[in-house]
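Labels below follow one simple rule: chain letters A, B, ... track the order of the sequence lines, proteins then strands, and each chain is numbered from 1. Values below: all heavy atoms of this structure, side chains included; hydrogens, waters and symmetry mates excluded.
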Amino acid sequence: MYCLRRLTAPPPLLLYTLATCRPFTSDPDFQSQISSLISNHKWSQLKRIIESSNPTDFLHQLLNFSNINSDLIVSFFKWSQHAFKVTHSVENYTKLSILLANDKKYPKIRSLLHIFVKEGKPISISTFCNALLNVSDNSCANSVVFDMLILACVKNEMLDLALEGFRRAGDYGFKLSLVSCNLMLSALVKDGRIGNVEFVYKEMIRRRIRFNLITFNMVISGLCKSGRLNKAGDIIEDMKVYGIVPDVVTYNSLIAGYCKRGGAGKMYKADKMLKEMVERGIYANVITYNTLIDGFCKDDNVAAGVRLFKEMKEQGLSPDVITYNSLINGLCAEGKIEEAIGLRDEMLERGLKPNIVTYNALINGFSKKKMLKEARELFDNIVKEGVDVNVLTHNTLINAYCKASKFEEALVVYNSMMEKMVSPNVSTYNCLIGGYYHDGNVEAAQRLLDEMEEKGLKADVVTYNIRIDAMCKKGETRKAIRLLDEMLKKGLNPSHVTYNTLIDGYCKQGNPNAALTMKKRMEKEGKRPNVVTYNVLIKGFCGSNKFEEANRFLNAMLEKGLAPNQVTYDIIKEEMMEKGFVPDIDGHLYHDSAKS
DNA sequence: ATAGGGTTAG
């Protein structure tokens, strides 16, 4: 075959091979010449030799050399890719991989397959496996190579491919390694693909693939992140069956799960987890405490957060920046800016450097207390200190100025972003647009909307919520509805706020029945009414003097297990009790006819 | 290879 080709188109190779009439690739002299060209990086000479043929064929020949160092083939491989922009065939990839596997050069296989997955043609698992089985019957080496292919898929975020490989490994007699499975689980968890996480986990158990504590922790963390705390509990039971003992990480995931989940008593359960782990002799660490402290602070219970903060210090644990940031955030949300500043000073004393998150929280804290001067001072100071202020920092300050209708100042901050090469995002515009609407400056708001679109920034749900709110406030509910339809058409998912704003709009217009229709639409589109929805409806019906109906909403809300909040109580106090409604012990109202 | 922190709309 080689002789034939030489007859039709004599390549420069002739120089090397004319003397002997054997096919050139099996000529040891030729092979050693090529080897030395590669090892001495004589690429230009090599290029001349290859140009008449093609690099993939040449690689194929190299792979058949009787006596060549696999490292040299890898060098050639990489160079040829670069020099010819060539995509090598699956066969060549598998052949080279097996060659490397036999030499136990595992990192090289890893990088080779990484390139294969990342830069090659779209691959299919079956093509790869068949090629692999064609070039080698060493089932051990095959399995290793296949495992590395799956790993490469995971690392290149080709999770569907990795999953297909996972599913079909058995068909080809391959076994995946524990590390690959764990890494796949990790990637699936990170992507929030919890269904796949559960599938892989079940299959690992069924197929008796090896698993370890990390496997379980990963699955538990995934389940907790998606709010499936009960299922996470089932996994803990599985662990017992397999004699694997939970550790801090397991418990930290569970605690984080409870903290993030809504509903009453969630922090009680999170705290119970802490007690349970201590009872089992597992020591809580900084992350455990940070998670709980943050959870309590977000649950409007900074006091509990501070208690845990003291407790962790007593345990000899050193709070870190995250601990302080959580507390500072919590305090700022409560308006306790002085205490927040006190904590900032404490961190400095302890040699902890506040970071951008700390500063954003403090600037936000000042803003909430309308201490704009202090907010600005802090901002200017950290800029002077060289802290990398980010979009969020700017947005926080811009928002503060907008809420105070100080648009000139807001624009100064906005313009200073450009100088610092910080790009405004949708939120930046949302703050400004919301501010202008609030101020009644519809033209300025519209101008910014246009500017935003010009910059290629797409309006998000919040942008629409702001616009819908503005329309409702102007009494133009019809336009507001048109915006709702527009966002649905754009594929944006209206939020609770969207519907609540519209319901509020109808109520304020004195049209509570339209509000009720909107509530139904909200439910039809898959959003469950929340406390705000009910607050708005209760207030709306009260406003139309329909107190019995308002009371029915209150009862409906309680029946659904939604806890009333301060706003609810204020409405009851200010609107309903005057009309003769009296609360009973469960919070239900009944009509006291004696009073009315 | 697994666990924790920030804004804007109600």
Side-chain angles (χ1 to χ4, degrees), chain A residues 151 154-155 177-187 189-190 212-222 224-225 247-257 259-260 284-295 297-298 320-330 332-333 355-365 367-368 390-400 402-403 425-435 437-438 460-470 472 494-505 530-533 535-536 565 567:
Chain A
L151 202 62
V154 169
K155 292 204 167 153
S177 69
L178 176 62
V179 172
S180 296
C181 290
N182 282 353
L183 277 165
M184 181 152 72
L185 282 171
S186 158
V189 168
K190 211 159 92 194
N212 60 11
L213 178 58
I214 293 178
T215 317
F216 284 106
N217 283 348
M218 215 97 71
V219 176
I220 289 173
S221 130
C224 288
K225 279 196 176 116
D247 68 351
V248 213
V249 178
T250 324
Y251 274 97
N252 285 350
S253 300
L254 286 165
I255 290 172
C259 287
K260 246 187 35 202
N285 62 17
V286 179
I287 296 183
T288 321
Y289 277 102
N290 284 354
T291 311
L292 279 162
I293 289 171
D294 192 60
C297 287
K298 290 213 168 75
D320 62 11
V321 188
I322 297 182
T323 326
Y324 280 99
N325 287 350
S326 292
L327 285 163
I328 289 174
N329 258 313
C332 287
N355 62 15
I356 190 64
V357 180
T358 326
Y359 292 122
N360 287 350
L362 287 170
I363 290 172
N364 186 38
S367 304
K368 280 220 169 87
N390 59 22
V391 205
L392 239 64
T393 326
H394 289 91
N395 290 356
T396 309
L397 203 54
I398 288 173
N399 184 49
C402 285
K403 276 205 171 132
N425 58 16
V426 188
S427 302
T428 318
Y429 279 98
N430 286 346
C431 294
L432 286 162
I433 293 167
Y437 273 130
H438 199 73
D460 66 0
V461 183
V462 179
T463 320
Y464 275 97
N465 289 348
I466 294 168
R467 293 177 67 190
I468 288 172
D469 187 47
C472 287
S495 65
H496 278 94
V497 182
T498 318
Y499 293 107
N500 291 346
T501 307
L502 282 159
I503 293 170
D504 190 43
N530 61 14
V531 193
V532 179
T533 320
N535 285 347
V536 167
N565 60 16
V567 178

If you look at every strand shown and take non-hydrogen atoms under 4.0 Å, does Asp247(A) touch a base, only sugar-phosphate, or nothing? nothing
Distance criterion of 3.5 Å, no angle test: do you see the side chain of Ser427(A) paired donor-to-acceptor with the base of dT8(B)? yes
So what does Asn535(A) hit on the nucleic acid, given a heavy-atom distance under 4.0 Å: a base, only sugar-phosphate, or nothing? nothing
Euclidean distance, atom CZ of residue Arg467(A) to atom C1' of dA9(B) [Å, nearest integer]: 14 Å
Hey, are Asn430(A) and Asp460(A) close enough side-chain-wise for a donor-acceptor pair under 3.5 Å? yes
The nucleotide from dT2(B), dG10(B), dA3(B) with an atom nearest the side chain of Asn217(A) is dT2(B)
Expressed in angstrom and rounded to an integer, what is the separation of Asn530(A) atom CG from dG10(B) atom C1'? 8 Å
Taking the side chain of Val497(A) as its heavy atoms from C-beta onward, which of dG10(B), dT7(B), dA1(B) lies nearest to it? dG10(B)
Using only heavy-atom distances, determine whether the side chains of Thr498(A) and Ser495(A) contain a donor-acceptor pair under 3.5 Å. yes
Tell me, yes or no, whether the heavy-atom count around His496(A) atom NE2, taken from other residues, nucleotides or ligands under 6.0 Å, exceeds 12. yes
Specify the separation, in whole Å, of atom CG of Asn430(A) and atom P of dT8(B). 12 Å
Indicate, with a heavy-atom threshold strictly under 4.0 Å, whether Lys403(A) touches base, sugar-phosphate, or nothing. sugar-phosphate
Residues two or more places apart in sequence or in another chain: which of them pass ring pair (Phe, Tyr, Trp, His ring centres under 6.0 Å) with Tyr324(A)? Phe309(A)
Just N and O in the side chain of Lys225(A): are any of them under 4.0 Å from OP1 or OP2 of dA3(B)? yes
Of dA3(B), dA9(B), dG6(B), the nucleotide closest to the side chain of Ile287(A) is dA3(B)
dG10(B), dA1(B), dG6(B): which one has an atom nearest the side-chain heavy atoms of His496(A)? dG10(B)
Here the distance between atom P of dT8(B) and atom CD1 of Ile398(A), to the nearest Å, is 13 Å
Need one value for Asn395(A): base, sugar-phosphate or nothing, where a base atom within 4.0 Å counts as base even if backbone is also close, heavy atoms only. base
I would like to know whether Tyr437(A) and Asp469(A) meet side chain to side chain contact (heavy atoms under 4.5 Å, CB included); could you show each step before the answer? CA-CA 9 Å; Tyr437(A) 273 130; Asp469(A) 187 47; over 6 Å; no
From the options dT7(B), dA3(B), dG10(B), select the nucleotide whose nearest atom is closest to the side chain of Val532(A). dG10(B)
Check: dA9(B) base within 3.5 Å donor-acceptor of Asn500(A) side chain: no
Tell me the interatomic distance from Asp469(A), atom CG, to dG10(B), atom P, rounded to whole angstroms. 6 Å
Among all residues two or more places apart in sequence or in another chain, which pass the side-chain contact (heavy atoms from CB on, under 4.5 Å) test with Cys297(A)? Ile293(A), Val302(A), Leu327(A)
Short side-chain N/O contact to dG6(B) OP1/OP2 from Lys298(A), under 4.0 Å: yes
Heavy atoms only, 4.0 Å cut-off, all strands: where does Val536(A) land among base, sugar-phosphate and nothing? nothing
Minimum-distance nucleotide to Val357(A) side chain [options: dT8(B), dG6(B), dA1(B)]: dG6(B)
Separation of Leu397(A) atom CG from dT8(B) atom P, in whole Å? 13 Å
Any side-chain heavy-atom pair from Asp504(A) and Asn500(A) closer than 4.5 angstrom? no
How would you label the contact of Ile293(A) with the nucleic acid (heavy atoms, under 4.0 Å): base, sugar-phosphate, or nothing? nothing
Between dT7(B) atom C1' and Asn329(A) atom CG, what is the distance in whole Å? 10 Å
For a quick check of understanding: with a heavy-atom distance under 4.0 Å over all strands, which category does Val321(A) fall into, base, sugar-phosphate or nothing? base
Using only side-chain N and O atoms of Lys260(A), determine if any of them is under 4.0 Å from OP1 or OP2 of dA3(B). no
To the nearest Å, how far apart are Met218(A) CE and dT2(B) P? 6 Å
Under 4.0 Å, counting only non-hydrogen atoms across every strand here, what does Asn360(A) touch: a base, just sugar-phosphate, or nothing? base
Would you mind classifying the nucleic acid contact of Thr288(A) as base, sugar-phosphate or nothing, using non-hydrogen atoms under 4.0 angstrom? nothing
